[in-house]
Each structure stands twice: as structure tokens, then as C-alpha cells.
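Both backbone and side-chain heavy atoms feed into the values below; hydrogens, waters and symmetry mates do not. Keep in mind it's a predicted model, so treat the numbers as computed, not measured.
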Amino acid sequence: MKKSLFVLLLMVISIPSFSQYNSGGFTLDSQNLYYGIRIGMTSATIGGDRDLGAKTGMTLAGVVGARVSRNNPLFIESGLYYTERGGKNSAETVSLNYLEVPFLIKYGFAAADGVAILPFFGPYFSYALGGKIKTDAGSRSSFNNEVGYKHGDMGFKLGCGVEYNKLYLELAYQFGVADISSVNNISAHGNAFVANFGVNF
């Protein structure tokens with residue numbers, strides 16, 4: 001976790017340098033295709049029978065978006081995210097580190113000069129690359145079939161972004177609909193609050 005926070009701090013320091021660019025990395029009236037980078041934090045939980053409380057992690061992503069309507073600022077955005085999720089309680093901490101691909105529908109509203117408000121919604125599909133379950137007795141893989149979790153996950157993401165002068169900020173909530181528990185008769189669903197920021201090109 002300390003390593004993740006250090007990487008996040010470096011990105012926070014570097015992002016203000018992008019503000020020297022002119023506004024227009026993303027524009028509602030003329031943009032047909034845009035690219036972006038995102039970095040942020042998650043506050044993730046595991047619901048269902050497992051019922052684990054909030055655990056913080058980081059996200060890092062590259063995204064691409066395209067206009068799908070000639071007359072309206074309607075966009076589809078996808079990309080590749082690395083996201084740290086899981087959950088914890090007094091007995092254990094579960095880490096689940098995913099590669100994630102979302103497919104988001106965004107609609108833009110001009111809020112002020114150079115400012116766009118972009119609510120969005122859509123599904124995401126994730127695959128866990130790694131993870132640990134830590135207890136007082138030690139740690140083990142999160143993907144032990146007898147007590148662990150599945151690699152695959154999917155759900156929906158709902159949120160809103162704000163873009164100004166190529167700088168971008170978004171808040172979102174992810175609610176998992178797949179049962180990620182590998183144990184029969186015990187369910188688990190991953191959820192997370194997400195705060196990301198970055199730049200659009």
C-alpha cells in the first residue's frame with residue numbers, strides 16, 4: 001500500500017504541468033475522438049455473505065472515447081484499468097488486484113466557459129491478476145478454491161466527470177453483479193467508490 005501511495009503522489013505532482021496546454025483536449029461541440037490517462041483511489045468493499053468493510057487502493061488507466069451522435073454530445077468510453085479492490089474486517093484483509101475494461105456511455109453538458117459535466121453509466125469486466133488474504137495466522141492467495149475468490153468479475157459503473165482545460169476529475173460507484181466467491185453456498189460481490197483524475201488529449 002505504501003508503494004501505491006508513493007506512485008499516486010508522484011502522479012499528483014506531475015499532473016499540474018498539463019495545465020499549460022490550451023483548453024480543448026475534450027470539447028462538446030467538435031470532439032469526435034479523445035484519449036486520456038487516469039489515476040485515483042478506490043474505497044472497496046465485499047458484500048454478500050462475506051460482508052467485508054472498506055479497503056483503500058489505487059487505480060491507473062488509459063482511456064479512449066468516441067462520439068456516437070452527430071447532433072448530440074453523446075460518447076462511448078472504454079480503456080484498460082489497473083484497480084486495487086477487496087475488503088477487510090477485524091479478522092482478515094482481502095486484496096483483489098484487477099485488470100478492468102469498462103464500456104461507458106457519457107453525455108456532456110456545458111456548465112460554464114470551458115467546463116463540461118459528463119455523467120456516465122455502463123458495464124465493466126474485470127480479471128484479477130493477483131491478491132492475498134491476510135489474517136493473524138499469515139497470508140495466502142485470494143484464489144484458493146476452498147476459502148477464496150474467483151478471478152473473473154463484472155458489474156456496472158455509475159458516476160459523473162468534470163473536464164476543464166484538459167484536466168479531468170470523476171467520482172463513481174461500482175457495484176458488482178457477479179458472484180466472485182469460489183465457495184459453494186457463500187456469495188460475495190465486489191463494490192467500490194472511485195475517485196479518479198487525469199488529463200484528456
Side-chain angles (χ1 to χ4, degrees), residues 1-19 34-47 50 52-65 77-89 92-104 106 118 120-135 139-143 148-163 166-176 178 180 188-201:
M1 184 62 190
K2 291 181 179 179
K3 182 178 180 181
S4 298
L5 291 175
F6 179 71
V7 173
L8 179 60
L9 179 61
L10 290 178
M11 293 296 291
V12 169
I13 293 171
S14 66
I15 279 180
S17 65
F18 289 105
S19 63
Y34 65 91
Y35 303 91
I37 59 172
R38 306 282 185 263
I39 188 168
M41 301 292 291
T42 64
S43 177
T45 61
I46 296 176
R50 301 276 186 166
L52 299 180
K55 172 188 172 297
T56 58
M58 70 171 292
T59 63
L60 182 63
V63 304
V64 59
E77 181 181 290
S78 187
L80 183 62
Y81 285 71
Y82 169 78
T83 177
E84 297 175 343
R85 301 207 302 268
K88 65 180 182 179
N89 59 22
E92 64 178 359
T93 298
V94 176
S95 298
L96 298 168
N97 303 323
Y98 290 98
L99 282 183
E100 179 182 298
V101 178
F103 295 94
L104 305 176
K106 290 190 168 188
L118 298 147
F120 57 83
F121 176 77
Y124 66 87
F125 303 89
S126 303
Y127 186 84
L129 300 177
K132 295 286 185 181
I133 299 175
K134 296 182 180 179
T135 66
S139 66
R140 60 185 184 274
S141 171
S142 295
F143 310 105
Y149 298 84
K150 300 174 183 176
H151 286 274
D153 189 18
M154 70 87 58
F156 292 91
K157 187 174 183 179
L158 173 67
C160 188
V162 179
E163 188 272 346
K166 291 193 176 182
L167 300 180
Y168 180 81
L169 171 69
E170 70 179 15
L171 299 175
Y173 183 72
Q174 293 178 268
F175 50 98
I180 60 174
H189 303 276
N191 307 299
F193 286 101
V194 183
N196 287 326
F197 56 91
V199 293
N200 288 330
F201 302 99

If you take all heavy atoms of [X] and [Y], which pair is closest and at what distance?
{"X": "Pro102", "Y": "Tyr81", "value": "CG-CE1, 3.6 Å"}
{"X": "Val101", "Y": "Ser78", "value": "CG1-OG, 3.6 Å"}
{"X": "Gly176", "Y": "Asn191", "value": "N-OD1, 3.2 Å"}
{"X": "Phe120", "Y": "Ala172", "value": "CZ-CB, 3.9 Å"}
{"X": "Tyr124", "Y": "Gly190", "value": "OH-O, 3.9 Å"}
{"X": "Ala188", "Y": "Ile46", "value": "CB-CG2, 3.8 Å"}

task = Identify the residue among Phe121, Phe103, Phe125 that makes a ring pair (Phe, Tyr, Trp, His ring centres under 6.0 Å) with Phe156.
result = Phe121
[atom2] on [Y] to [atom1] on [X], rounded to 0.5 Å:
{"X": "Thr59", "Y": "Arg38", "atom1": "OG1", "atom2": "CZ", "answer": "10.0 Å"}
{"X": "Ile39", "Y": "Met58", "atom1": "CD1", "atom2": "CE", "answer": "4.5 Å"}
{"X": "Phe143", "Y": "Tyr149", "atom1": "CZ", "atom2": "OH", "answer": "10.5 Å"}
{"X": "Asn200", "Y": "Leu118", "atom1": "CG", "atom2": "CG", "answer": "8.5 Å"}
{"X": "Arg50", "Y": "Thr45", "atom1": "CZ", "atom2": "OG1", "answer": "14.0 Å"}
{"X": "Tyr98", "Y": "Tyr127", "atom1": "OH", "atom2": "OH", "answer": "11.0 Å"}

Chi angles and distances behind the side-chain contact (heavy atoms from CB on, under 4.5 Å) call for Phe175, His189 = CA-CA 8 Å; Phe175 50 98; His189 303 276; over 6 Å; no
Polar side-chain atom of [X] near backbone of [Y] as donor-acceptor pair, under 3.5 Å:
{"X": "His151", "Y": "Leu129", "answer": "no"}
{"X": "Thr93", "Y": "Lys88", "answer": "no"}
{"X": "Thr135", "Y": "Glu92", "answer": "no"}

Min side-chain heavy-atom separation Val199-Leu167 under 4.5 Å = yes
query = Using the ring of each side chain (for Trp, its six-membered ring), is Phe193 parallel, tilted or perpendicular to Tyr173, with breaks at 30° and 60°?
reply = tilted
ask   = Can you check salt bridge (Lys or Arg N to Asp or Glu O under 4.0 Å) on Glu100 and Arg85, steps first, answer last?
value = CA-CA 11 Å; Glu100 179 182 298; Arg85 301 207 302 268; 2.8 Å; yes
key: Verdict with supporting geometry, Gln174 and Val194, side-chain contact (heavy atoms from CB on, under 4.5 Å)   = CA-CA 8 Å; Gln174 293 178 268; Val194 183; 3.2 Å; yes
task = In plain terms, say whether Glu170 and Lys157 are close enough for a salt bridge, that is, a side-chain N and a carboxylate O under 4.0 Å apart.
result = yes
inquiry  = Between Ser95 and Lys134, is the side-chain contact (heavy atoms from CB on, under 4.5 Å) condition met? List the steps.
reply    = CA-CA 8 Å; Ser95 298; Lys134 296 182 180 179; 5.7 Å; no
task = Would you sort out whether Met154 and Ile180 count as a side-chain contact (heavy atoms from CB on, under 4.5 Å), showing the intermediate values?
result = CA-CA 9 Å; Met154 70 87 58; Ile180 60 174; over 6 Å; no
